[in-house]
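Since the structure comes first, as C-alpha cells, the remarks are kept for the end.
Numbers here simply count residues along the sequence, with the first being 1.
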Amino acid sequence: MKKALLALSALLFLGVTMKRASLPRGIRNNNPGNIRENRLVDYDWQGEHPLNLDPEFEEFKSPFYGLRAMGRVLRNYRALHGLMTIRGIISRWAPSNENDTAAYIEHVSRELATPPDMPLLPGQYPALMAVIVQHENGQQPYEMAMIETAWTAANA
C-alpha cells in the first residue's frame with residue numbers, strides 16, 4: 001500500500017510538473033508581462049518568488065503580483081519617462097533587438113482600437129495590460145477584474 005501511494009504521488013508530481021512545463025514562460029513564472037531580471041539593480045518586487053529559478057525573468061508568487069509589477073512598470077513609463085502612447089510604451093517594453101516591435105505595436109493598436117501615437121488614458125491601461133499578456137504568452141487567461149485590481153494596486 002505504501003509503495004502504491006508513493007508511486008501515485010510521484011505520478012501526480014510528474015503530471016503537475018509536465019503541465020507546468022507546457023505553459024508559456026510568463027504564465028509559468030506568474031510574470032505574464034515577461035519582465036526581465038535586472039542584473040544591475042536588484043528590485044524587491046512585492047510578491048517576488050524567493051527561489052527565483054529562472055535566471056532571465058522575474059518570478060512571482062501569484063499572477064496578481066506579476067500583473068501588479070507590470071502595472072508598476074507601465075506607471076513608471078508614463079510618470080518617469082513620459083511614454084504615454086502605444087508606440088512609445090511598446091518600443092520600450094519590447095525593444096526591436098528582441099522582438100518584432102512594429103508588429104507588436106500594430107497588434108496592441110488594433111486590439112485597443114487606438115492609433116499608435118495617441119496618448120492613452122489611465123483607464124485604458126488594464127486593457128493594454130491584457131493585450132500585452134496575450135502578445136507575450138499567446139494567451140490571456142486572467143479575468144479583467146484581476147487585471148484592473150492589479151493596475152489599481154500598482155498605482156496605490
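Considering CD1 of Ile147 and CE of Met144, their distance stands at 5.0 Å, rounded to 0.5 Å. Note: Leu53 CG to Arg28 CZ = 11.0 Å, rounded to the nearest 0.5 Å. Note that CD of Gln134 is 11.0 Å distant from CD of Glu136, once rounded to the nearest 0.5 Å. Taken from CG in Asp117 to OG in Ser109, the straight-line distance is 8.5 Å, to the nearest 0.5 Å. Here the CG atom belonging to Asn29 is positioned 11.0 Å from the CD1 atom belonging to Ile35, to the nearest 0.5 angstrom.
The side-chain heavy atoms of Phe64 and Asn30, taken from C-beta on, include no pair separated by under 4.5 Å. Looking at heavy atoms from C-beta onward, Val108 lies out of side-chain contact with Glu111 at the 4.5 angstrom threshold. Asn34 is listed as a side-chain neighbour of Asn137, based on a closest heavy-atom distance under 4.5 Å. For the pair Val133/Met70, a side-chain contact is recorded, criterion being any heavy-atom separation below 4.5 Å from C-beta on. A 4.5 Å side-chain heavy-atom check between Phe60 and Trp45 finds at least one atom pair inside the cut-off. Between Arg36 and Glu98, the closest side-chain pair of non-hydrogen atoms falls below 4.5 Å. Pro55 is not listed as a side-chain neighbour of Glu37, based on a closest heavy-atom distance of 4.5 Å or more.
The two residues Ser91 and Thr101 come nearest to each other via the heavy atoms CA-CG2, 3.8 Å. Heavy atoms only, all atoms of each residue included: Gly33 and Trp93 are closest at O-CZ2, 3.2 Å. Considering every non-hydrogen atom in both Ala156 and Arg72, the closest pair reads O-NH1, 4.2 Å. Nearest heavy atom pair, residue Ala153 against residue Arg68, reads O-NE, 3.8 Å. The shortest non-hydrogen separation linking Tyr142 to Pro32 is CE1-CB, 3.6 Å. Taking every heavy atom of both residues into account, Gly71 and Ala154 meet most closely at C-CB, 3.5 Å.
Under the 30°/60° scheme for interplanar angles, the aromatic rings of His135 and Tyr104 are found to lie parallel.
The main-chain N or O of Leu121 is found under 3.5 Å from a side-chain atom of Gln124 such that the two form a donor-acceptor pair. In terms of modelled atom types and a separation under 3.5 Å, the side chain of His81 and the main chain of Leu83 share no donor-acceptor contact. The backbone N or O of Met118 lies less than 3.5 Å from no partner atom in the side chain of Thr85, so there is not a single donor-acceptor pair. Between the side chain of Asp100 and the main chain of Ser96, no donor-acceptor pair closer than 3.5 Å is present. In this structure, Asp54 contributes its side chain and Glu56 its backbone to a donor-acceptor pair below 3.5 Å.
There is no side-chain donor-acceptor pair under 3.5 Å between Asn31 and Glu58. The closest side-chain donor-acceptor pair between Tyr65 and Glu59, if any, does not fall under 3.5 angstrom. Side chain to side chain, Arg78 and Tyr125 meet the donor-acceptor criterion of an N or O pair below 3.5 Å.
For Ala127, the side-chain contact (heavy atoms from CB on, under 4.5 Å) partners at least two apart in sequence or on another chain are Leu112.
Met84 and Ile89 sit in two unconnected hydrophobic clusters of ILVMFWY residues. Membership requires side-chain heavy atoms under 4.5 Å apart, directly or through other members. Hydrophobic clustering, with ILVMFWY side chains joined whenever heavy atoms are under 4.5 angstrom apart, keeps Phe57 apart from Leu67.
The neighbour count for Glu106 CD, taken as heavy atoms of other residues, nucleotides or ligands under 6.0 Å away, does not exceed 12.
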